[in-house]
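All figures in this text were calculated on a predicted structure; none of them were measured in a lab. Atoms within a ligand are numbered from 1 in the order they appear, just like the ligands themselves. For this chain, numbers begin at 1 and follow the sequence in order.
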Amino acid sequence: MGYFRKTILVTGGAGFIGSHVVRLFVNKYPDCRIVNVDKLTYAGNLANLKDIEDRPNYSFVKADICDFERMRALMRETEADGIIHLAAESHVDRSIRDPFTFAMTNVIGTLSLLQAAREYWESRPEGYDGKRFYHISTDEVYGTLEITCPEGTVPPFTTRASSGVRHLAYGDTFFRETDKYDPHSPYSASKASSDHFVRAFHDTYGMPSIVTNCSNNYGPYQFPEKLIPLFINNIRHRKPLPVYGKGENVRDWLYVEDHARAIDLIFHEGRTGETYNIGGFNEWKNIDIVKVLVRTVDRLLGRGEEEDMNLITFVRDRAGHDLRYAIDSTRLQTELGWEPSLQFEEGIMKTARWYLENQEWLDRVTSGDYLRYYDEMYLHR
Ligand code: NAD
Ligand code: TYD
């Protein structure tokens with residue numbers, strides 16, 4: 001498109017991870033046009049991108065990825081060279097209540113985008129040259145791992161340490177790119193299915209695609225239905241902290257800006273047809289995270305030490321609750337030199353501070369007022 005070197009469509013750019021990806025690309029690549037394609041579901045919030053919304057290389061299109069005709073038209077109109085696909089339904093608890101929406105958005109939406117990209121790129125004289133379809137997926141497709149540890153050690157133990165960032169693990173098994181898929185929740189089943197479609201398009205039509213499977217992200221702009229922002233907000237309001245089961249489940253946590261940095265690297269330098277696992281080497285039991293959150297938020301609010309520990313409330317476990325996720329991201333480290341940059345306590349401090357300093361954002365998102373903001377800003381302009 002004329003003045004810009006390249007056009008990249010980012011789907012789900014108004015969501016949590018998508019907004020960090022859009023911000024990074026808009027700032028880092030002023031010669032690339034970044035088109036944010038988002039339906040603005042409850043999880044999409046254009047206030048996440050307020051700081052970059054007026055940039056000349058940024059534009060927003062309100063559209064549903066399941067609308068195939070719209071995706072076809074969008075490919076032609078924007079002459080997109082690349083797609084970074086993050087749009088999805090992303091919350092496991094919601095998928096348990098409403099699996100159809102997950103199949104529709106995550107599976108059919110991805111297929112619609114793949115087919116639209118394929119038709120447009122195959123119609124071009126240069127074909128797939130210089131094109132890229134990058135699909136963002138999750139570690140949850142691999143299933144669950146046991147909590148194990150070498151004899152004589154008590155988890156968590158330090159497995160590897162490099163670049164000063166400590167690595168914590170609750171076992172000696174990790175998800176690898178070559179592992180078979182074994183999803184358990186409707187969310188992970190829908191993401192697994194979408195990953196298979198992306199690889200099928202690569203193998204069948206030669207689509208230059210890449211899939212990455214990342215562990216749990218945390219950081220600013222995450223919708224407060226997920227563990228970390230939900231609990232920060234609840235501690236702030238002194239509301240109960242509902243810990244599922246005994247809080248023994250283990251997740252591998254990565255700061256969202258480290259994920260966005262990995263996406264940038266892989267989009268530009270990753271090998272098409274490949275899968276890369278992205279993880280933080282940073283495994284925590286839920287109950288331990290909750291305690292860190294209580295201490296951090298109480299300290300930031302100037303409350304007494306341990307004052308809010310009594311908010312911790314053990315509730316009925318999530319159905320089909322996977323015990324442990326742990327990613328081995330050695331391929332990404334050795335091939336492309338990516339490493340997580342933040343120690344967890346530092347990331348949690350930054351995150352808690354951000355939510356407490358952005359109470360207006362939290363209040364708007366939790367009250368539903370943000371829907372009016374979209375209308376005012378984008379629909380009636
Ligand atoms: P999110 O729920 O915060 O955002 C999803 C975005 O997609 C929202 O802006 C929403 O409006 C948009 N969207 C939903 N349905 C759409 C549709 N039909 N058409 C267009 N847009 C639609 O999600 P997130 O946490 O930022 O996750 C982004 C991606 O990363 C997802 O694909 C998710 O599976 C994957 N992922 C997330 C994590 C995590 O910890 N959050 C970890 C690994 C992978
Ligand atoms: P979540 O943030 O929903 O991410 P995911 O299910 O994709 O890992 O949950 C993280 C962990 O925290 C998971 O083991 C479920 C648990 N959890 C609770 O104990 N209480 C809660 O209120 C929530 C939302 C999650």
Nearest non-hydrogen contact with [atom] belongs to which option: [options]?
{"atom": "atom 5 (C) of ligand 1", "options": "Gly12, Ser215, Ala87, Ala88", "answer": "Ala88"}
{"atom": "atom 38 (C) of ligand 1", "options": "Asn48, Ile278, Ile17", "answer": "Ile17"}
{"atom": "atom 17 (N) of ligand 2", "options": "Tyr244, Tyr218, Tyr187", "answer": "Tyr244"}
{"atom": "atom 16 (C) of ligand 1", "options": "Glu89, Lys191, His85, Lys39", "answer": "Lys39"}

>> I need the contact type for Thr41 against ligand 1. Using non-hydrogen atoms and a strict under-4.0 Å cut-off, is it side chain, backbone, both or neither?
In response: both
> Using heavy atoms and a threshold below 4.0 Å, how should the contact between Leu40 and ligand 1 be classified: side chain, backbone, both, or neither?
Replying inline: backbone
List ligand 1 atoms under 4.0 Å from [X], heavy atoms only on the residue side.
{"X": "Tyr187", "value": "33 (C), 34 (O)"}
{"X": "Asp64", "value": "17 (C), 18 (N), 19 (N)"}
{"X": "Ser137", "value": "43 (C), 44 (C)"}
{"X": "Cys214", "value": "42 (C), 43 (C)"}

>> Taking distance alone, with N or O pairs closer than 3.5 Å, would you say Glu140 contacts ligand 2?
In response: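 Yes.
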What protein heavy atom lies closest to [atom]? Include the residue and the distance to one decimal.
{"atom": "atom 13 (C) of ligand 2", "value": "His321 NE2, 3.5 Å"}
{"atom": "atom 20 (N) of ligand 2", "value": "Pro242 O, 2.7 Å"}
{"atom": "atom 23 (O) of ligand 1", "value": "Ser90 OG, 3.3 Å"}

> So, Glu79 versus Tyr120: side-chain donor-acceptor pair below 3.5 Å or not?
Replying inline: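 No, no side-chain donor-acceptor contact under 3.5 Å.
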>> Can you confirm whether the side chains of His135 and Asp195 place a donor and an acceptor under 3.5 Å from each other?
In response: yes
>> Heavy-atom contact check, 4.0 Å cutoff: does Ser19 meet ligand 1?
In response: no
> Are Phe344 and Tyr218 close enough that their ring centres sit under 6.0 Å apart?
Replying inline: yes
>> Considering both backbone and side-chain atoms of Ile65, is one of its nitrogen or oxygen atoms within less than 3.5 Å of a nitrogen or oxygen in ligand 1?
In response: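 Yes, since at least one N or O of Ile65 sits under 3.5 Å from an N or O of ligand 1.
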